[in-house]
Q: 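I have a structure I would like to understand better, so I am pasting it below and will then ask my questions one at a time.
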Amino acid sequence: RHKWAPASIEYHQLQEICHKATENYLPNIAGSRVNYYKDFHAQIVVIGNEFCRPKNPNCNQCPLNCLL
């Protein structure tokens with residue numbers, strides 16, 4: 001819905017986009033990237049469950065609307 005990835009994208013492709021987007025910005029010291037990705041994944045799950053539901057999406061309240 002935010003048009004930064006096609007709707008038909010596979011999980012591993014989306015994962016690669018996220019990795020490439022952050023690899024220059026995150027240090028890889030003592031697993032800090034792993035912790036970041038765990039948190040990032042958890043936040044995406046919450047957004048999906050709360051706002052991006054397949055039926056009756058709540059786009060108007062989505063905190064990612066500012067990225068459109």
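One-based numbering along the sequence shown.
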Q: Rounded to the nearest 0.5 Å, how far apart are CG of Asn49 and CD1 of Ile44?
A: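 Atom-to-atom, Asn49:CG and Ile44:CD1 are 12.0 Å apart.
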
Q: Of the non-hydrogen atoms in Ile9 and Leu14, which two are nearest, and what is the gap between them?
A: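 Minimum heavy-atom separation between Ile9 and Leu14: CD1-N, 3.7 Å.
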
Q: Please list, chain by chain and in numerical order, all residues satisfying side chain to side chain donor-acceptor pair (under 3.5 Å) with Glu50, sequence neighbours excluded.
A: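 For Glu50, no residue satisfies side chain to side chain donor-acceptor pair (under 3.5 Å) once neighbours in sequence are set aside.
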
Q: How far apart are the closest heavy atoms of Pro63 and Phe51, and which atoms are they?
A: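 Looks like CD-CE1, 3.5 Å.
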
Q: Rounded to the nearest 0.5 Å, what's the gap from NE2 on His41 to CD on Gln15? Could you check?
A: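 If I round to the nearest 0.5 Å, the distance is 9.0 Å.
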
Q: Ignoring hydrogens, what is the shortest heavy-atom contact between Asn65 and Asn60? Give both atom names and the distance.
A: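 The pair with the smallest heavy-atom distance is ND2-O, 3.6 Å.
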
